[in-house]
Amino acid sequence: MTSLTFWKPGTAGPGSSLDRATEQEGNIIQSAPSSFSMESQRERLPIAKHKMKLLHCVEKYPVTIVVGQTGCGKTTQLPQYLMEAGWAADGNVIACTQPRRVAATSVANRVAAEANTTLGDKVGYTIRFEDVSDKTRTRIRYMTDGMLFRETLVDPLLSRYSVIMIDEAHERSLYTDLLLGILKKILRKRPSLRLIISSATLDATQLLNYFEASNPPDMATIISLEGRMYPVEVSYLQDPVADYVKKAAEVAWHINLESKPGDVLVFLPGREDIERCLEELVEMIPVLPRGAPQIIPLALHAGMSTEEQLRVFNPAERNTRKIIAATNIAEASVTIDGVRYVVDCGFVKIRIYNPTTTLASLATVPVSAASATQRAGRAGRTAPGVCYRLYSESTFNSLSPSTPPEITRTDMTTPILQLKSLGIDDLMKFEWVSAPPSESVLRALESLATAGMIGEDGRLTAVGEKVAEFPVDVNIARMLLCSKDFKCGEEILTIAAMTSVQDVFVIPEGAPGAIAELERRKFTAEEGDHLTLLNAYNAFTRYGRSSSWCKSHALNFRTMSRAVSIRAQLKKYMSRFGLPTESCQGDAKRLRQCLVSGYWRNGARWVDDGTYRSVKGNKILHVHPTSVLFTRKPRSGWVIFHELEETKKTQVRILTEIEPDWLLDYGHKFYSKHEAA
DNA sequence: GAGCACTGC
């Protein structure tokens, strides 16, 4: 065991990088504040002394950018100040968007309590599948950014809102960026609308410039608020390490031996690293000196069940210390109080999209400075803390300031279809906060054109209009529309819902993993994965949608329940468009033909070595091992697939066997119809 | 014969 060689540059005080942490309160468990002292608590928040100034700015400027730090209270207080000042009078509504569902619900809960109202009455929230708000009574509405974006499709000027607050704007989620672009347009048509953008980083000047560009002066202003966090001392490693997982385990071990009480949170990029780190720790436990706190090793990542995730919140008993190895989920989504030590390996996994190859992949990259700062801040929520960075201070200084906005690294097909549906046809003139790569826009336009969603004039076709409304990807929406011709709406709805969720099958480690594999095979359909998913869903509903049944059949209960909700939602769209949801009565051929109408661009041909070649581009494709076609050659030699992802190899997931001529027969349906018209 | 951060409609 080596001893720690950290260099301590001193305590981070006001004005340090820690000022930029966010006030996200997305914890899974959150005790409601006692109503007894609520009023005085509100008055003691740092934001309280800026109340008059904030209200003045909102009165005067169409756009107010609020830079606020952790715990300053902007998310909970600002909408209430606005309501008290009369911004929600005369039927007006104040909206506050959040990038995550949990945040929207938990914040709404707290504010409803503070405002002494039942949740869903004066204060409510709206997320997909849950609208806890009242059309006429709700004055403050917390919602996901995706939900507000969707609302623009119905009400392009968002006319019911007097003030729209885009919270956590520094995260730059896809829908936050799209909303900001649209809101800049809306403001020109509705000068009375007020926009508040809340950001935790100083990137705020970029947003200020964005709203001031080609607008009259006095358009926007910035207000900075102090936070209410404990100081966190930051320590760096002097030399780089070869194995950050091992080092992270060592550092956590030393913290346990040498530091005052407080839990340890270790940030690692992925599940595999987390498991290895905890194994290293567990192996050392037998040599733990007498008198040292017992180590409670815990993992936290999105792949775990809710039940498993909740374990990190159990308070550590006397003379024990929790060491939690987590992914980025602990950076903003989940807040664990009691953490006083953070170990930051300096890496994160992000999704990358390559518009040239149209391939998505996951890459492990260095964290951004903003992200590293946010991680450090996790040590100072309830008491002063320490953050150990497993890299040098010069490395920290060379980190990019923030993670590239999602809009620059994602497939733009669906967003562009939606923008077109809003009447934004000239994408080159659209004022992006950060423009997506032009290659990405071109690819999206090209794929929309070949799918028959936009015509030669670049405008939406009648089919495109419908597809833009469906809350699923273009391929899937196309398949749902075609189900009418193949008389299989019932089954296609289920398949659409099941392909919209991830990780249907649970794969535990070791021996249980093999058993889970056998359970999974019980649902196997000869024809491929789409029908296998259909079988799993039907069995789930047949056996009462029970969680214990899921457990014994290696299915993820949370995922399955979500698929049920999605299916119900899609079914409503089907009836709105007058599409029947009849059953194919077991005619798998018709079902597979319908699949081709959605996935016609994702065709592939089997070759002798067990790999496939894509119809488009003749690329070498490997079957993902979770596919039922992993070990089996399809009789016809041809398949369509749901998605393609680049890992070490290019892999395809969710395959179904087809006849090759179907690709021509059913693929170009909308395109040729449009051409003929 | 192999694994995958996180969100959202």
Side-chain angles (χ1 to χ4, degrees), chain A residues 24 26 97-104 126-131 143-154 168 171-179 267-275 300-304 326-334 345 347-352 360-365 367 371 403 405-407 409-410 414-415 417-418 421 467-474 476-477 496-497 500-503 505-509 513-514 516-517 562 565-566 569-570 572-573 610-611 622-627 629-632 643 645-649 651-653:
Chain A
Q24 182 67 53
T97 69
Q98 298 292 322
R100 279 174 293 281
R101 295 156 54 94
V102 273
T126 306
I127 60 178
R128 190 183 188 181
F129 307 129
E130 274 176 68
D131 184 7
M143 59 208 298
T144 48
D145 49 14
M147 208 67 207
L148 187 63
F149 179 78
R150 186 143 282 269
E151 207 169 322
T152 62
L153 296 178
V154 185
E168 309 294 344
E171 288 191 25
R172 302 294 299 277
S173 78
L174 174 63
Y175 288 111
T176 286
D177 267 38
L178 291 172
L179 275 173
F267 281 101
L268 292 166
R271 177 180 169 165
E272 203 182 320
D273 285 344
I274 286 170
E275 276 159 10
L300 180 64
H301 54 80
M304 293 161 54
T327 61
N328 238 19
I329 193 171
E331 198 183 290
S333 306
V334 177
C345 79
F347 289 94
V348 66
K349 273 188 181 173
I350 62 167
R351 218 180 158 75
I352 298 182
S361 60
L362 273 170
T364 303
V365 298
V367 291
S371 189
T403 311
E406 192 183 356
I407 203 165
R409 48 188 178 85
T410 196
T414 305
L417 180 70
Q418 288 168 333
S421 173
V467 169
E469 280 192 54
F470 266 112
V472 285
D473 285 340
V474 173
I476 308 287
S500 297
V501 294
Q502 283 150 22
D503 304 318
F505 296 101
V506 189
I507 307 169
E509 275 193 282
E517 179 70 23
R562 194 166 165 80
S565 305
I566 294 176
Q569 189 191 35
L570 295 178
K572 282 186 199 156
Y573 280 92
T611 63
H622 297 262
V623 180
H624 197 276
T626 52
S627 170
L629 290 178
F630 184 63
T631 48
R632 210 161 48 75
E643 62 182 1
E645 197 174 60
E646 198 159 41
T647 50
K648 283 167 203 154
K649 301 178 282 195
Q651 286 184 328
V652 283
R653 291 181 55 224

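Here the structure is a predicted model, which means the values were calculated and not measured. Below, read A as the first sequence line, B as the second, and so on, with proteins coming before strands; counting in each chain starts at 1.
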Touch class at under 4.0 angstrom, heavy-atom based, for A/Ile566 against every strand present: nothing
Touch class at under 4.0 angstrom, heavy-atom based, for A/His301 against every strand present: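 Answer is sugar-phosphate: A/His301 comes under 4.0 Å of backbone atoms only.
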Most 5' of A/Glu645 and A/Gly146 on DNA chain B, judged by nearest nucleotide: A/Glu645
Residue met sooner reading DNA chain B from 5', once A/Thr144 and A/Ala302 are mapped to nucleotides: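 Closest to the 5' end, via its nearest nucleotide, is A/Ala302.
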[N] [atom2] sits how many Å from [X] [atom1], rounded?
| X | N | atom1 | atom2 | result |
| --- | --- | --- | --- | --- |
| A/Ile329 | B/dT7 | CD1 | C1' | 11 Å |
| A/Ile352 | B/dC6 | CD1 | C1' | 14 Å |
| A/Glu272 | B/dC4 | CD | P | 7 Å |
| A/Glu406 | B/dT7 | CD | P | 12 Å |
| A/Ile476 | B/dC9 | CD1 | P | 18 Å |
| A/Leu629 | B/dA2 | CG | C1' | 16 Å |
| A/Gln569 | B/dC9 | CD | P | 9 Å |
| A/Leu178 | B/dT7 | CG | C1' | 14 Å |

If I take atom [atom1] from residue [X] and atom [atom2] from residue [Y], how far apart are they, to the nearest 0.5 angstrom?
| X | Y | atom1 | atom2 | answer |
| --- | --- | --- | --- | --- |
| A/Gln502 | A/Arg562 | CD | CZ | 10.0 Å |
| A/Lys349 | A/Asp273 | NZ | CG | 7.0 Å |
| A/Leu417 | A/Phe470 | CG | CZ | 12.0 Å |
| A/Glu469 | A/Gln418 | CD | CD | 10.5 Å |

From the options [options], select the nucleotide whose nearest atom is closest to the side chain of [X].
| X | options | answer |
| --- | --- | --- |
| A/Phe630 | B/dG1, B/dC6, B/dC4 | B/dG1 |
| A/Pro625 | B/dC4, B/dG1, B/dT7 | B/dG1 |
| A/Gln651 | B/dC6, B/dG3, B/dC9 | B/dG3 |
| A/Arg351 | B/dC6, B/dG3, B/dC9 | B/dC6 |
| A/Arg271 | B/dC9, B/dG1, B/dA5 | B/dA5 |
| A/Leu362 | B/dT7, B/dC9, B/dC4 | B/dC4 |
| A/Arg100 | B/dC6, B/dC4, B/dT7 | B/dT7 |
| A/Arg653 | B/dC4, B/dC9, B/dT7 | B/dC4 |
| A/Lys349 | B/dC6, B/dC9, B/dC4 | B/dC4 |

B/dC6 phosphate, OP1 or OP2, under 4.0 Å from A/Ser173 side-chain N/O: no
Results of side-chain hydrogen bond (donor to acceptor under 3.5 Å, both in side chains) for A/Ser361 - residues two or more places apart only: none
Residues which pass salt bridge (charged side-chain N to carboxylate O under 4.0 Å, His left out) with A/Glu643, listed by chain and number, not counting sequence neighbours: A/Arg653
